[in-house]
Amino acid sequence: MKPPAFDYIAADSIAMAVAALAEAGDDAKIIAGGQSLVPMLNFRMLRPSILVDINRIAGLDVIEETSGAIRIGALTRHYQLETSPLISRHLPVLSCAMTHVAHLAIRNRGTIGGSLAHADPAAELPMMALLLDAELRVASASGERTIAARDFFLGALTVDLASDEIITGIVLPKLPLRTGWGFAEVARRHGDFALAAVAATLTVSGGSIEQARIALTGVGPTALRGTEAEGLLIGHALEPDLTHRVVEAVRATIEPETDLHASSDYRRHLAGVLTGRALAAAWRRANESVA
Ligand SMILES: Cc1cc2nc3c(=O)[nH]c(=O)nc-3n(C[C@H](O)[C@H](O)[C@H](O)COP(=O)(O)OP(=O)(O)OC[C@H]3O[C@@H](n4cnc5c(N)ncnc54)[C@H](O)[C@@H]3O)c2cc1C
């Protein structure tokens, strides 16, 4: 398949990109890595009259440390995230998650901004943005705004982003001291989207859990946080009985769809198993960090 005809603008600044988007109205699409957009054009699921290419905008692909946080430009490629020493030092769960995204050739092109804007229900980056309490920086011709990841994902392939807005960056607070992490995913083949994946962080103090975060993908229209399950963990050590109750709480929270790849029941079962694995790894790493 070939895409329908479109006009093309290669923006060399954010100002130029947002001006082009504002002028085109609903008819324009940003192209970043093209790994999700181009297949959708080729299948004619989208028919924009103009593509605004943001790949030449300087400074949009930086990963930098600020006090207490890591700031990632929207054009940062998945492979950069996977291999960044700053990310592996302060957000190792994100480095690990990136190895599960597609294949290397796709990770060389795909961008964090594109993945968050596309919001595939089984993608890893929306899950990581929720897990790590990310804030997204967004710009348009009328100004800038910041939106928390928890408010950004509205439904399958649907986010709180107007057609004239561009994600410019993502800010992720560094993991606190005494925090361990775990990541567990099942996909049918290496490089496929997840049937289900779970990421967790546990911060421990005095032998018990002070802060717990659990995020899931592949088990609903959007990635989600297991907030109720997180609450069960606070103030306790991770014992088998507690893990069992948390796993059941996660299973009760989610409503996975049945599709060609797996039934709803299988995905619910899997999400529980993966939650147990992610929590066990997070608990082990948290305790190693205080030993
Ligand atoms: C075979 C295959 C397997 C894959 N497997 C996985 C997987 O296992 N896990 C996974 O997470 N992903 C997977 N992907 C998707 C891949 O990660 C994409 O790179 C990513 O989803 C989109 O990033 P992109 O930069 O390519 O965005 P593009 O394709 O360029 O754009 C995607 C959408 O985001 C919009 N957009 C892009 N950048 C911005 C921005 N800065 N601001 C606002 N809107 C923007 C575009 O207008 C478009 O609507 C797979 C893709 C393929 C082709």
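In each ligand, atom 1 is the first atom listed, and ligand 1 is the first ligand listed.
Salt bridge present: Glu248 and Arg251 bring a charged side-chain N and a carboxylate O closer than 4.0 Å.
At under 3.5 Å, a nitrogen or oxygen of Gly34, whether backbone or side chain, sits near a nitrogen or oxygen of ligand 1. Considering backbone and side-chain atoms alike, Ile31 places every N or O at 3.5 Å or more from each N or O of ligand 1. Annotation: Glu165 places no N or O atom under 3.5 Å from an N or O atom of ligand 1; distance criterion only. In terms of polar-atom proximity, defined here as any N/O pair under 3.5 Å, Leu37 does make such a contact with ligand 1.
Taking every heavy atom of Gln35 and a limit of under 4.0 angstrom, the matching atoms of ligand 1 come to 18 (C), 19 (O), 26 (O), 29 (O), 53 (C). Heavy-atom contacts of Gly191 reach the following atoms of ligand 1: 5 (N), 8 (O) (cutoff under 4.0 Å).
Here Val38 has no heavy atoms under 4.0 Å from ligand 1, in either its backbone or its side chain.
Distances shorter than 4.0 angstrom do not occur between any heavy atom of Leu46 and any atom of ligand 1. Not a single heavy atom of Asp120 lies less than 4.0 angstrom from ligand 1. Ligand 1 is never approached by Met40 to a heavy-atom distance shorter than 4.0 Å. Residue contacts with ligand 1: Asp192 is included, with a non-hydrogen atom under 4.0 Å away. At least one heavy atom of Ile106 sits less than 4.0 Å from an atom of ligand 1.
Listed by chain and number, the hydrophobic cluster partners of Ile166 are Ile14, Val18, Leu21, Ile30, Val52, Ile54, Ile57, Leu60, Leu75, where partners are ILVMFWY side chains within reach of under 4.5 Å, directly or through others.
Ile72 places a side-chain heavy atom less than 4.5 Å from the side chain of Ile87. Two residues are said to be in side-chain contact when any heavy atoms from C-beta on lie closer than 4.5 Å; Phe152 and Ile167 meet this criterion.
Remark: Phe43 CZ is loosely packed, at most 12 non-hydrogen atoms of other residues, nucleotides or ligands lying under 6.0 Å away. With a 6.0 Å radius and a threshold of 12 heavy atoms from other residues, nucleotides or ligands, Glu257 has its CD atom at or below the threshold.
Aromatic pair Phe193/His261: centroids not less than 6.0 angstrom apart.
Among Lys29, Arg107, His118, Met127, the residue whose heavy atom sits closest to atom 49 (O) of ligand 1 is Lys29. Selection from Ile167, Asn55, Ile170 by nearest heavy atom to atom 42 (N) of ligand 1 gives Ile167. Comparing heavy-atom distances from atom 8 (O) of ligand 1 across Ala102, Ala117, Ala187, Ser163 singles out Ala102 as nearest.
Residues in residues 25-53 take part in no salt bridge (charged side-chain N to carboxylate O under 4.0 Å, His left out) pair, two or more places apart or across chains.
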